[in-house]
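In what follows, every chain begins at residue 1, and chains take the letters A, B, ... in the order their sequences are listed. All values below come from the heavy atoms of this structure, side chains included, with hydrogens, waters and symmetry mates left out.
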Amino acid sequence: MASEATLNTKDQKYFVPEPSAWPFMMTISMFVFMIGFASWLNDAEIGKYIFGIGLVMILAMSFIWFRGVVNESLGGSYRVWEDKTFRWSMSWFIFSEVMFFAAFFGALYYARVLSVPWLSGEGSEFSTNEYLWKGFEAAWPTNGPESVGGEFQTIPAWGVPFLNTIILVVSGITFEIAHHMLKEGKRGVCLAFMGLTVALGCLFLFFQAEEYILAYQQLNLTLGSGIYGSTFFMLTGFHGAHVTLGTLMLAIITLRIAKGHFKPTDDSHFAFESVGWYWHFVDVVWIGLFVFVYVV
Amino acid sequence: MSEAHAHDHHDDHHHGPEPGIMRWIKTTNHKDLGTLYMWFSFTMFMIGGMMALVIRAELFQPGLQFVDPGFFNSMTTMHALVMIFGGVMPGFVGLANWMVPMMIGASDLALPRINNWGFWILPFAFTLLLSTLFVDGGAPAAGWTMYPPLVLQSGDSLPLLIFAVHMMGVSSITGAINIVVTILNMRAPGMTLLKMPLFVWTWLITAYLLIAVMPVLAGAVTMLLTDRYFGTSFFSAAGGGDPVMFQHIFWFFGHPEVYIMILPAFGIISMIIPVFARKTLFGYDSMVYATASIAFLSFIVWAHHMFTVGMPVAAELFFMFATMLIAVPTGVKVFNWVATMWKGSMSFETPMLFALAFVFLFTIGGFSGLMLAIVPADFQYHDSYFVVAHFHYVLVPGAVFSIMAGVYFWLPKWTGHMYDEKLGKLHFWLSTIFVNVTFFPQHFSGLAGMPRRIPDYATQFAEFNMISSIGAFGFGFSQLILLFVVIKCIRGGQPATGRVWEGARGLEWSIPSPAPYHSFETPPDVPDSEVTSAQEQHA
């Protein structure tokens with residue numbers, strides 16, 4: 001549909017790349033990484049080294065592949081038609097990420113609303129409680145009828161987590177200001193706001209790390225603290241991993257702006273915008289986390 | 001329509017294939033990658049098939065003959081994983097790679113390098129998976145559904161299994177994004193959504209399902225990994241978790257996955273029947289809406305796989321009625337296929353034979369699915385051979401037959417030669433007879449109470465199992481005919497015309513056979529004579 005409206009003679013030919021070894025090398029890198037990780041988990045001493053090599057290979061291949069795409073973009077290979085491809089692809093990729101988080105939010109919902117009450121005998125589960133877990137009463141947070149991981153305390157929502165919410169929301173705003181400055185050609189201001197956005201991302205990660213240290217050292221809240229610890233650390237952990245990646249992406253496009261990429265004459269600067277989409281997505285996930293993990 | 005317009009740009013720079021093995025490693029061409037996908041799918045079909053024959057050899061007689069029960073369980077588990085993720089899904093992706101760009105007039109898939117990546121992940125993912133046959137504790141033996149706590153008792157195979165699933169997930173998601181974007185963005189001007197061939201439509205919807213559910217599977221197996229190695233309690237009641245939660249998350253993926261394996265089949269059948277009935281497809285619009293309805297419903301029926309697990313009655317009723325609703329759009333499809341043939345000028349070449357067998361035998365699988373959807377009846381059928389018979393009817397004479405139908409249908413377009421019709425028909429009849437010999441008796445042994453996934457059984461089931469095993473070996477060896485036909489067709493044969501089949505319409509038939517390495521470097525016109533959809537019918 002879109003293609004019909006916008007195709008003109010200049011865009012009649014879609015960019016079809018030459019044969020490339022990048023994807024195959026990326027696959028090898030993933031394979032080494034996975035083999036290493038699996039051996040590590042199976043207590044093979046060499047596993048963690050293979051894992052490390054695989055990780056370095058993945059990062060190196062990502063760098064090589066993305067550098068190639070950036071060069072193609074600077075060389076003018078991508079025009080209106082290709083730009084639409086990238087926009088659609090990024091949207092669907094983010095949708096797949098949403099579904100990944102949905103699995104963990106689903107687990108949180110199921111445990112809190114359904115299975116923990118069932119363990120305490122709610123509904124038709126009287127005998128479950130009577131014969132298997134006598135005396136267990138439903139509560140949240142919980143680490144289950146056997147208090148797996150021992151007594152623990154939780155992190156209150158209205159301290160650092162709330163601060164972190166503000167940090168992420170503000171970083172979304174600073175990014176959008178940078179975006180407007182870029183479009184208006186005020187690259188100095190744009191760079192300043194991009195630097196601010198990256199700094200806010202790092203600050204978020206710093207606070208998050210502090211909270212984890214606090215949880216492990218003083219609250220006895222760990223990944224092993226029953227279902228609460230599991231959902232808490234897996235949700236915030238995967239989110240933190242996404243913030244890390246997002247911050248890295250922000251840093252990269254900041255450097256690209258500093259190098260003079262995304263010229264005002266370019267009607268497309270989708271690499272820049274896609275990082276923004278990703279960053280806003282990470283922001284929205286955090287708000288979901290803040291509400292359902294910390295507040296409620 | 002002349003065959004010429006694809007060659008408007010002779011003067012353009014054609015980057016052809018690289019020489020030697022690097023052609024296949026570095027290729028970004030949708031046809032090369034489609035071919036790789038098809039061969040990979042066939043290889044996995046053979047490996048998974050051998051595992052099935054180990055199962056059927058053991059079940060040929062009551063008592064334990066050939067393998068120990070642990071290995072038997074590994075075989076049922078690995079057979080399913082290999083066939084689903086290695087055989088059927090890559091088979092459909094291979095057909096999509098080959099045909100979707102040609103059908104919509106695109107130069108290639110939208111992201112050719114990502115396409116290469118999506119393919120090459122698969123051989124490595126399956127190396128991980130198959131390597132578990134040689135590790136301590138043997139291959140995973142807890143069933144392909146990987147239910148905890150049983151699967152958490154696997155040996156060293158568990159992380160390999162989980163990482164293999166992660167890699168397959170990356171492959172599926174990248175492949176699906178590629179197909180969605182290609183269909184949304186790469187159509188030739190004039191190829192409006194409701195003019196697209198149904199194979200394109202069904203793949204668009206399938207790709208959407210893949211993007212929606214593969215990440216959920218990745219999440220589920222990640223929870224297994226952390227439960228086993230990092231001390232979480234997602235599936236342990238002692239820590240407040242619930243093993244049943246895994247089943248919910250898994251089947252939220254698993255049920256759409258079932259449709260991922262059948263919607264493209266619907267598309268292929270909807271392409272083939274009109275050609276050999278020499279009529280346009282009956283009810284094109286309703287086919288599109290039915291496909292979309294099935295896809296939507298697939299998200300709200302998952303718990304029918306776990307009726308006996310102990311759910312609130314309200315949930316059982318909801319999932320029962322939602323499941324039965326699926327019969328409506330599926331019925332629309334079967335009706336439309338039959339109506340397409342009504343008063344058609346039919347001929348029965350091999351693709352048509354497979355398509356007809358599909359309509360008939362898939363419908364049998366659909367009906368046994370309706371039986372399983374009835375909660376009180378399912379309490380009897382659950383985990384019995386009746387279930388095995390049901391899903392093999394929808395997957396083998398359903399999904400697999402549609403892939404074979406597609407291969408015969410499009411092989412002349414790919415190779416430029418007609419395949420050997422006599423051998424094709426022989427392959428069809430042997431496959432169809434043996435598939436029924438294999439799976440039909442399993443309905444009876446299942447209804448009589450034979451449980452699935454057990455290497456031994458009561459002597460009362462001996463005859464049915466013996467018949468079933470004979471059928472399985474017959475079916476397995478019949479597939480060598482397919483291999484022979486395909487190789488023979490690649491090496492030579494009667495030259496195929498561009499149109500290949502009398503009455504075939506669509507952009508893919510407007511270019512020469514074999515299709516040139518780059519079919520449409522610039523978007524072609526879409527003349528009405530090449531449109532098979534409703535718009536054209538109304539005209």
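Side-chain contact between Asp83(A) and Phe270(A) is present, with heavy atoms from C-beta onward closer than 4.5 Å. Within the 4.5 Å cutoff, side-chain heavy atoms of Pro101(B) are placed close to those of Leu109(B). Proximity of Leu108(A) to Leu235(A): side-chain heavy atoms (C-beta onward) are separated by under 4.5 Å at one or more points. Using a 4.5 Å heavy-atom cutoff, the side chains of Ser147(A) and Phe152(A) are not in contact. Here the side chains of His166(B) and Thr222(B) are in contact, with some heavy-atom distance below 4.5 Å.
Of all the listed residues (Ala111(A), Ser115(A), Ser89(A)), the one sharing the greatest number of non-hydrogen pairs under 4.5 Å with chain B is Ser89(A). Among Leu111(B), Thr27(B), Val313(B), the residue with the largest count of heavy-atom pairs under 4.5 Å with chain A is Leu111(B). Across Met245(B), Arg113(B), Met214(B), Arg23(B), the residue that shares the most heavy-atom pairs under 4.5 angstrom with chain A is Arg113(B). In terms of heavy-atom pairs under 4.5 angstrom with chain A, the leader among Ala212(B), Ser107(B), Gly118(B), Gly155(B) is Ala212(B). Across Tyr110(A), Phe93(A), Phe100(A), Trp40(A), the residue that shares the most heavy-atom pairs under 4.5 angstrom with chain B is Tyr110(A). Heavy-atom pairs under 4.5 Å with chain A peak, among Gly231(B), Ala238(B), Gly219(B), at Ala238(B). For the set Lys26(B), Met22(B), Arg228(B), His248(B), the count of heavy-atom pairs under 4.5 angstrom toward chain A peaks at Lys26(B). Chain B forms more heavy-atom pairs under 4.5 Å with one residue of Gly106(A), Ala107(A), Gly149(A) than with any other, namely Ala107(A). Taking chain B as the reference chain and counting heavy-atom pairs below 4.5 Å, the highest number among Leu114(A), Thr85(A), Asp43(A) is found for Thr85(A). Contact tally against chain B (heavy-atom pairs below 4.5 Å) for Phe136(A), Phe33(A), Trp65(A): the top residue is Trp65(A). Of the residues considered (Ala207(B), Ala106(B), Gly239(B), Gly169(B)), Gly239(B) shows the highest number of contacts with chain A, using heavy-atom pairs under 4.5 Å.
Contact of Phe238(A) with chain B is made through the side chain alone, with heavy-atom distances under 4.5 Å. In this structure, the portion of Ile28(A) lying under 4.5 Å from any heavy atom of chain B is its side chain and not its backbone. Interface remark: Ala102(A) contributes no atoms to any contact with chain B (heavy atom separation under 4.5 Å). Using a 4.5 Å cut-off between heavy atoms, Met234(A) touches chain B through its side chain atoms alone. Only the side chain of Val180(B) comes within less than 4.5 Å of a heavy atom of chain A; its backbone N, CA, C and O stay farther away. For Phe230(B), the parts lying near chain A are the backbone and the side chain together; criterion is any non-hydrogen pair under 4.5 Å. Of the two parts of Leu217(B), neither the backbone nor the side chain holds a non-hydrogen atom closer than 4.5 Å to a non-hydrogen atom of chain A. Residue Val170(B) touches chain A through its side chain alone, counting heavy-atom pairs closer than 4.5 Å. Using a 4.5 Å cut-off between heavy atoms, Thr231(A) touches chain B through backbone and side chain atoms alike. Heavy atoms of Leu160(B) lying under 4.5 Å from chain A belong to its backbone as well as its side chain. Both the backbone and the side chain of Leu41(A) come within contact range of chain B, judged by heavy atoms closer than 4.5 Å. Residue Pro123(B) does not touch chain A at all, counting heavy-atom pairs closer than 4.5 Å. The parts of Ile121(B) that come within reach of chain A are both its backbone and its side chain, each placing non-hydrogen atoms under 4.5 angstrom from that chain.
The environment of Tyr208(B) atom OH is sparse: at most 12 non-hydrogen atoms of other residues, nucleotides or ligands sit within 6.0 angstrom. For CZ of Phe15(A), the number of neighbouring non-hydrogen atoms (other residues, nucleotides, ligands) closer than 6.0 Å is greater than 12. Counting non-hydrogen atoms of other residues, nucleotides and ligands closer than 6.0 Å to CZ of Phe63(A) gives a total of 12 or fewer.
Ring geometry for Phe119(B) against Tyr37(B) counts as perpendicular: the plane angle is over 60°, on a 0 to 90° scale with 30° as the lower cut. The aromatic rings of Phe252(B) and Phe299(B) lie tilted to each other, with the angle between the two planes from 30° to 60°.
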key: Full working for salt bridge (charged side-chain N to carboxylate O under 4.0 Å, His left out) between Glu273(A) and Arg87(A)   = CA-CA 9 Å; Glu273(A) 285 178 275; Arg87(A) 281 165 197 277; 2.9 Å; yes
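A salt bridge is defined here as a Lys NZ or Arg NE, NH1 or NH2 lying under 4.0 Å from an Asp or Glu carboxylate O, and Glu82(A) with Lys13(A) fails to meet this definition.
Here the options are Phe105(A), Phe104(A), Phe101(A), the test is side-chain contact (heavy atoms from CB on, under 4.5 Å), and the partner is Leu289(A); only Phe105(A) passes. Trp81(A) pairs with exactly one of Trp88(A), Phe86(A), Tyr14(A) by the ring pair (Phe, Tyr, Trp, His ring centres under 6.0 Å) rule, that one being Tyr14(A).
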